[in-house]
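Structure first, then comments.
Treat the numbers as computed from the prediction; the structure is a model and nothing was measured. Here is how names work: the chains are called A, B, and so on, in the same order as the sequence lines, proteins then strands, and each is numbered from 1.
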Protein chains: 2
Amino acid sequence: MYRLTTSIPYLLNRLGVRMGELFSRRLQPYGLTLAMYRVLASLAEQPGQRLGDLADMTSIELSTMSRLISTMVGAGLVTRKRLPTDDRTVSIDLTSEGQRLAAILIAEAQHYEDVAVSQLSDADVRQLKSLLGEVYAATDILEAELSTSAPGRL
Amino acid sequence: MYRLTTSIPYLLNRLGVRMGELFSRRLQPYGLTLAMYRVLASLAEQPGQRLGDLADMTSIELSTMSRLISTMVGAGLVTRKRLPTDDRTVSIDLTSEGQRLAAILIAEAQHYEDVAVSQLSDADVRQLKSLLGEVYAATDILEAELSTSAPGRL
DNA sequence: TATTGTTATACTCTATAACTATA
DNA sequence: TATAGTTATAGAGTATAACAATA
């Protein structure tokens, strides 16, 4: 019998909300939100992303991202410039201040994750990440099903 | 070297957002939000919860829950009544319509999860759930650290 | 005094769509 | 026509605090 509290979406949401809340408190002294942290960390990993890439990467909706980047440009954390090769497209980059903050916060995030998994073996941590990736890949099947089967017909 | 895109919070968020979006589309024909589904499914599993229990269970903030329950009472899905034993406390229960919807949606959720994990062995699924639970338990250590160590001092 | 829940406010996010500019 | 991004709006969420009622 299926129970909410042992379902994968429930467990994901519960852990994600909890970890997000705790890390958000870490970000508060820097005047940053979790979304801003994700943008900084994403750009530190992959500089010069387009707005749409950044939205996909961070699971933040495109129009939200557009406004968020405006805020972050105003705060001196990132730059936004049109591409010479395609004038529809913008390229987002870290400023030096953005890089400085990103380095600090990524170190905090690493420590934070280390503590969170301190009761697990390295093999378990690898397994967890691998399984999360595999389920994510399988969501494409779910999406395909959505378009073929009507709701209530399951 | 720590990378955002292989970090646990990132992978959790990415998968959680994705699964949430897809399941939300399933709920749309019923006029329900994901939060409402969680309340219905939580009450189906554990009837007669207090408002605070329900908020903890579903990771929905208490004041949000209070308003959400008002909406759901109005929609005829749940009832809210004060406890005779403690007049501060309210007990939330499913109406028969709420029970009917909950049964349908839980069946949908089960199918949905089955598809999402269809590429995984049963052992892997159990392992995933177990690891998510273990990391959740370890977040108490994170919370304790928050009160003792100052930000930036990691 | 502490607990439980309600209400109010400001801010943020999502979903959606309309719009601009460019390809 | 399709793509990339911006802007606007409605609805819902969070965070926070003030508040009422009860224990």
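In this structure, the CD1 atom of B:Ile60 is 15 Å from the P atom of C:dG5, given to the nearest Å. Regarding A:Leu68, its CG atom lies at a distance of 14 Å from the C1' atom of C:dT14, rounded to whole Å. A:Arg88 has its CZ atom 4 Å from the C1' atom of C:dA23, to the nearest Å. Computed from coordinates, the B:Glu61 CD to C:dT6 P distance equals 13 Å when rounded to whole Å. At whole-Å resolution of the value, CG in A:Leu51 and P in C:dT20 are 19 Å apart. Rounded to an integer number of Å, the gap from A:Arg25 CZ to D:dT16 C1' is 13 Å. A:Arg80 places its CZ atom 8 Å from the C1' atom of D:dT6, with the value rounded to the nearest Å. Following rounding to the nearest Å, A:Leu62 (CG) and C:dC19 (C1') show an atom-to-atom distance of 14 Å.
Neither side chain, B:Glu108 nor B:Tyr37, offers a donor N or O lying under 3.5 Å from an acceptor on the other. No hydrogens or angles considered: nothing links the side chains of A:Gln28 and A:Ser24 as a donor-acceptor pair under 3.5 Å.
Residue A:Thr89 is classed as a sugar-phosphate contact, given heavy-atom separations below 4.0 Å to backbone atoms only. Within 4.0 Å (heavy atoms only), A:Arg50 reaches sugar-phosphate atoms of the nucleic acid but no base atom.
The OG1 atom of A:Thr139 sits 3.5 Å away from the CZ atom of B:Arg18 when rounded to the nearest 0.5 Å.
Using modelled atom types, no side-chain atom of A:Thr89 and backbone atom of A:Leu83 make a donor-acceptor pair closer than 3.5 Å.
The listed nucleotides are C:dA23, D:dT7, D:dT6; the one nearest the side chain of A:Ser63 is D:dT7. Which of D:dA23, D:dG5, C:dA23 sits closest to the side chain of B:Asp86 comes down to D:dA23.
Residues A:Thr33 and B:Ser91 each lie close to DNA chain C; by heavy-atom proximity, the contact nearer the 5' end of the strand is made by B:Ser91. Residue order along DNA chain C, read from the 5' end via each residue's closest nucleotide, puts B:Thr64 first among A:Asp87 and B:Thr64.
Taking the ring centre of A:Tyr10 as origin, the terminal cationic atom of B:Arg38 falls outside the region bounded by 6.0 Å and 45° from the ring axis.
Contact annotation: B:Gln49 does not reach the phosphate of C:dT4 (side-chain N/O to OP1 or OP2, under 4.0 Å).
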